[in-house]
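Encoded as structure tokens, the structure appears first; notes follow it.
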2 protein chains.
Amino acid sequence: MASVRIREAEEGDCGQILKLIRELAEYEKLSDQVQISEEALRADGFGEYRCLVADLPPAPGDTQGPRVVGYGLYYFIYSTWKGRTVYLEDIYVTPEYRGQGIGSKIIRRVAQVALDQGCSQFRLAVLDWNQRAMALYKALGAQDLTEAEGWHAFTFDGEAMRKLAGK
Amino acid sequence: MASVRIREAEEGDCGQILKLIRELAEYEKLSDQVQISEEALRADGFGEYRCLVADLPPAPGDTQGPRVVGYGLYYFIYSTWKGRTVYLEDIYVTPEYRGQGIGSKIIRRVAQVALDQGCSQFRLAVLDWNQRAMALYKALGAQDLTEAEGWHAFTFDGEAMRKLAGK
């Protein structure tokens, strides 16, 4: 199997990244929630977020360029308890490239970036039925804060926000 | 009771904000986790985060300046499903000023900022035993994502990150 490389995403990767964002949402059974477009992803990147991709070098004679088989999209958040923190919003590897340690490689790279940027923590969220992912994160040393401390995630959607804001 | 004003925090508020950060962590029974200093809060603000404060105008003859009785610290995150999103990291009102709608005022102001900045969502996290806060957020129109979809928050702390990064 061809060797997979982890690198910083570039603007030209946005189309392939969006395809994987949709695959991930389908895997998470929440694909109706994907409202992002390739244009938004391109316009917002990479000021709003940073992204790593796992790609395969093009085969000889292949004019399509490298094929993206995984990605990790992250940004910086701020903990009032511990300061600057990195947050991995998405991590995904296409089914045929799983089991090769690509996800772990992306996670390791994010940890390196986090330390280089002076972060004291590296956070992410996972769905409770995704036991495979939860087991991997725990094996890599992560703690389940929802289990340990009882954190619940809340969201106000667009309509709730407009009501709140009186708009 | 004196009227409370909601305004953007300034550098000179960092000492009072830190005091409230510690009070909130004590309220959440997790005060051993607060490692932030006033210097870090000052140095990191307000590039890493933004902060609203609820304050009381100084009484006549009071040389201490306005007294901060609540705060809401937030930043911008990025949802690959819905784009730019605001995240309210902390919201806190001192016990003697609760029940006056100050928390709701802070939340409304954050929703206004979020809409002004083109955000499609407004997120926050709450501890499951804090039923008072959960009830308030639901009454204001928020959805509990952990309950609805099963999201768990994970964290890698400093040592776990260093192991991951091979440092």
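Because the structure is a prediction, the values reported are computed rather than measured. Convention: sequence-line order gives letters A, B, ...; per-chain numbering from 1.
- For the set B:Gly150, B:Ala160, B:Gly141, B:Ala111, the count of heavy-atom pairs under 4.5 angstrom toward chain A peaks at B:Gly150.
- Of the listed residues (B:Lys167, B:Lys29, B:Lys82), the one with the most heavy-atom contacts under 4.5 Å to chain A is B:Lys82.
- Interface remark: A:Leu41 contributes backbone and side-chain atoms alike to the contact with chain B (heavy atom separation under 4.5 Å).
- At a threshold of 4.0 Å, the pair B:Glu23-B:Lys19 counts as salt-bridged, since one of the basic side-chain nitrogens sits closer than that to a carboxylate oxygen.
- Listed options A:Glu159, A:Gln143, A:Met134, A:Arg22 were ranked by heavy-atom pairs under 4.5 angstrom with chain B; first place goes to A:Gln143.
- Contact count against chain A (heavy-atom pairs under 4.5 Å) is highest for B:Ile77 among B:Leu88, B:Asp90, B:Ile77, B:Leu24.
- With a threshold of 4.5 angstrom between heavy atoms, A:Arg162 approaches chain B through its backbone and through its side chain.
- Contacts between A:Leu73 and chain B at a heavy-atom distance below 4.5 Å involve the side chain alone, from C-beta outward.
- Of the residues considered (B:Val34, B:Ile17, B:Asp157), B:Val34 shows the highest number of contacts with chain A, using heavy-atom pairs under 4.5 Å.
- Between chain B and the residues A:Leu140, A:Val126, A:Asn130, the largest count of heavy-atom pairs under 4.5 Å involves A:Val126.
- A:Ser79 touches chain B through backbone and side chain together, each having a heavy atom under 4.5 Å away.
- Looking only at heavy-atom pairs under 4.5 Å with chain B, the residue among A:Gln112, A:Gln35, A:Met161 that has the most is A:Met161.
- Taking the side chain as every heavy atom from C-beta outward, B:Arg123 and B:Leu145 approach each other to under 4.5 Å.
- Shortest non-hydrogen contact noted between B:Ala153 and A:Thr146 is N-OG1, 2.8 Å.
- Residue contact with chain B, scored on non-hydrogen atoms closer than 4.5 Å, involves the backbone of A:Ser120 exclusively.
- Nearest heavy-atom pair across B:Arg50 and B:Phe46 is CA-CD2, 4.5 Å.
- Residue with the most contacts toward chain A among B:Ala40, B:Ser31, B:Ala25: B:Ala25 (heavy-atom pairs, distance under 4.5 Å).
- Contact check for A:Pro66 versus A:Arg7: side-chain heavy atoms found under the 4.5 Å cut-off.
- Counting heavy atoms from C-beta outward, B:Ile21 and B:Tyr92 have side chains that stay 4.5 Å or more apart.
- Residues B:Glu89 and A:Thr85 have side chains not in contact (no heavy-atom distance under 4.5 Å, counting atoms from C-beta outward).
- For A:Asp144, the parts sitting under 4.5 Å from any heavy atom of chain B are the backbone and the side chain alike.
- Most heavy-atom pairs under 4.5 Å with chain A: of the set B:Leu127, B:Ile36, B:Ile107, this distinction falls to B:Leu127.
- Between B:Arg42 and B:Cys14, the shortest heavy-atom contact is CA-SG, 3.9 Å.
- Residue contact with chain B, scored on non-hydrogen atoms closer than 4.5 Å, involves the backbone and the side chain of A:Tyr137 alike.
- Between B:Phe154 and A:Glu147 there is no side-chain heavy-atom pair separated by less than 4.5 Å.
- In this structure, the portion of A:Glu28 lying under 4.5 Å from any heavy atom of chain B is its side chain and not its backbone.
- For the pair B:Thr94 and B:Val68, the minimum side-chain heavy-atom distance is 4.5 Å or more.
- Under 4.0 Å is where a charged nitrogen must lie from a carboxylate oxygen, and between A:Arg84 and B:Asp44 no such pair does.
- Counting only heavy atoms from C-beta outward, the side chains of A:Tyr97 and A:Arg67 approach each other to under 4.5 Å.
- Residues B:Tyr49 and A:Thr80 are not in side-chain contact: their nearest non-hydrogen atoms beyond the backbone lie 4.5 Å or more apart.
- Between chain B and the options A:Ser37, A:Ala148, A:Ala125, heavy-atom pairs under 4.5 Å are most frequent for A:Ala125.
- Each of A:Leu30, A:Val113, A:Leu18 has some count of heavy-atom pairs under 4.5 Å with chain B, and the biggest count is that of A:Leu30.
- Chain B forms the most heavy-atom pairs under 4.5 Å with one residue out of A:Gln121, A:Glu48, A:Arg108, A:His152, and that residue is A:His152.
- Only the backbone of A:Lys163 comes within contact range of chain B, with at least one heavy atom under 4.5 Å from a heavy atom of that chain.
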